[in-house]
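Presented below is the structure to which this report refers.
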Amino acid sequence: MAVATKFTITLSLLFSLLLLVQNEAASNIKRNDNRRLAIEDQLAKARYNIRKAIVDKRFASTDDNGSFISETTMYKNPFAFLQSYNEMMKTFKIWIYNEGDAPLAHNGPMKCIYSIEGDFIQQMERKGHPVVANHPDEAHAFFIPISVSNIVQYLYMPTEKSGFFRRMQVIVEDYIGVIAERYPYWNRSNGADHFYVACHDWGPWVSKGNPKLFENLIRVLCNANTSEGFIPRRDVSMSEIYGPFNNIPLVGSGQSPNNRSILAFFAGGNHGYVRNKLFQSWGNKQDSDIQVHSYLPKGENYTELLSKSKYCLCPSGYEVASARLTEAIHMGCVPVVIKDHYVLPYNDVLDWSQFSVQVAVTNIPDLKGVLDDIPFSKYLELQKKVMEVQKHFTLNIPAKNFDVFHMILHSVWLRRLNFQLRES
Ligand SMILES: *[C@@H]1O[C@H](CO)[C@@H](O)[C@H](O)[C@H]1NC(C)=O
Ligand SMILES: *[C@@H]1O[C@H](CO)[C@@H](O)[C@H](O)[C@H]1NC(C)=O
Ligand SMILES: *[C@@H]1O[C@H](CO)[C@@H](O)[C@H](O)[C@H]1NC(C)=O
Ligand SMILES: *[C@@H]1O[C@H](CO)[C@@H](O)[C@H](O)[C@H]1NC(C)=O
Ligand SMILES: *[C@@H]1O[C@H](CO)[C@@H](O)[C@H](O)[C@H]1NC(C)=O
């Protein structure tokens, strides 16, 4: 039954190991399974081109879209990323299972902090999207279009929390049972080329009831908490986006970096141990340079405060992820990430140290010192890269090249490149 081989390598090492994977692929595939062979052959070519781009420090294919990217230092390896992205655009096909009914499947929230979940599902289901396979035999990956946020919204009753978790798990397990019975694809890979997308805090709970079933499934989650079982090489960390303005969040430049009067800003609930510490050290206007509010002062405008702050604090709350990360980037404010166990979104390609500041929870009392120690010239560099990286955090309807939808797709693509389907 186990016909998928997982290459147990970390994604940051992915690109240097691609040739190895390719050689294995060549020797292990039998000719009697032509369709699977064709799929694996396409992936092997993509791996080869990516590796070549890394080694040659240039783009191996002719349709080099380097011009799209003017600033490349914010990537761990710009050649790997651009080549891989181009290979994805040329090659990647995803089959969306038709099973299931709205609102629990094929639908998702569009106007809350979990809206990226609904957006992703909606964009995938747009008619004729080039990444969507016409037939499952041509697909490299399989999308389970279930919305955890909608399951919670429609079925959760506050009186039955633990019972609800089990019901939620059963809905998804049943879905997998149906597709595994009807089609050969789930059994072929034990789920390793399948994925679901969940931004809801409870997204990771789906797989807890039956860990064996979910051993290989790619979970695309906002709540990417490693101490709750998030596995960076298998799962994908997705950014949270608060979709208030008809689902298109405001993206701008904010004030010029020379004209931002607030050193550091945060407004939000004091919940979770990280924020408790933040409020302990910096709440109640203890220092006017570090503004930490649970409620905004009357008459103040949140977006405008972000746009006139140099640094925007993004502490974890109850859960590791926060839409603030995206909001800060959208307003040209350098995010200050304060977290434990959080795998930052798209961090297998993005070099977060180039456009954010990371402060350990234990260093919260030194926050001001940490920020004061950053020279103004360094701040200007960080801010410039925040503006450059905006495109990767921007939601467009319909999606545009390199935007957040494509970053999610690319993360799934990388994980699919990282294993190979073998003969049964
Ligand atoms: C590269 O850019 C051109 C536009 O200049 C676009 O038509 C093409 O789709 C892009 N290719 C990829 C793989 O993104
Ligand atoms: C997949 O495996 C399950 C469990 O062994 C089995 O019940 C199911 O029939 C299989 N699906 C197909 C399409 O053979
Ligand atoms: C500087 O910021 C102030 C206050 O936010 C604003 O009124 C002014 O237009 C800004 N000036 C420049 C040059 O951006
Ligand atoms: C806050 O400011 C932004 C940007 O200037 C503006 O678009 C928005 O309407 C304002 N919000 C409120 C509630 O006034
Ligand atoms: C992450 O997971 C651990 C273990 O379940 C938990 O203690 C912690 O509160 C979670 N959230 C954050 C923000 O770290």
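Just so you know, ligand 1 is whichever comes first in the structure, and atom 1 is the first atom listed for that ligand.
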Inset, instruction - For ligand 5, would you mind listing the residues that have at least one heavy atom less than 4.0 Å away, ordered by chain and number? - result: N225, S227, E228, Y273, S316, G317, Y318, E319, V320, H341

Inset, instruction - Taking atom types as modelled, find out whether H194 and Y97 have a side-chain donor-acceptor pair closer than 3.5 angstrom. - result: yes

Inset, instruction - Under 4.0 Å, heavy atoms only, figure out whether ligand 2 is touched by the backbone of Y183, its side chain, both or neither. - result: backbone

Inset, instruction - For S84 and F81, indicate whether the former's side chain and the latter's backbone hold a donor-acceptor pair under 3.5 Å. - result: no

Inset, instruction - Find all atoms of ligand 2 within a distance of less than 4.0 Å from any non-hydrogen atom belonging to N187, and give their numbers and elements. - result: 1 (C), 2 (O), 3 (C), 8 (C), 10 (C), 11 (N), 12 (C), 14 (O)

Inset, instruction - Determine whether the side chains of S316 and R275 contain a donor N or O and an acceptor N or O closer than 3.5 Å. - result: no

Legend entry - Check: G191 main-chain N/O paired with Y185 side-chain donor or acceptor under 3.5 Å: no

Inset, instruction - Mind checking whether R182 contacts ligand 2 via backbone (N, CA, C, O), side chain (CB onward), both or neither, at a 4.0 Å heavy-atom cut-off? - result: neither

Inset, instruction - Find out whether R167 and L155 are in side-chain contact, i.e. whether some heavy atom of one side chain is under 4.5 Å from a heavy atom of the other. - result: yes

Inset, instruction - Report yes if K308 has an N/O atom closer than 3.5 Å to an N/O atom of ligand 3; otherwise report no. - result: no

Inset, instruction - Evaluate the criterion ring-ring contact (aromatic ring centres under 6.0 Å, His included) for residue pair F142 and Y183; output intermediate values, then yes/no. - result: CA-CA 11 Å; F142 296 80; Y183 313 99; 8.9 Å; no

Legend entry - Salt bridge flag under 4.0 Å for residues K368 and D287: yes

Inset, instruction - Say whether A180, considering both its backbone and side-chain N or O atoms, lies within less than 3.5 Å of an N or O atom on ligand 2. - result: yes

Inset, instruction - Please say whether the positively charged group of R415, taken as NZ for Lys or CZ for Arg, lies over the ring of F419, i.e. under 6.0 angstrom from the six-membered ring centre and within 45 degrees of the axis. - result: no

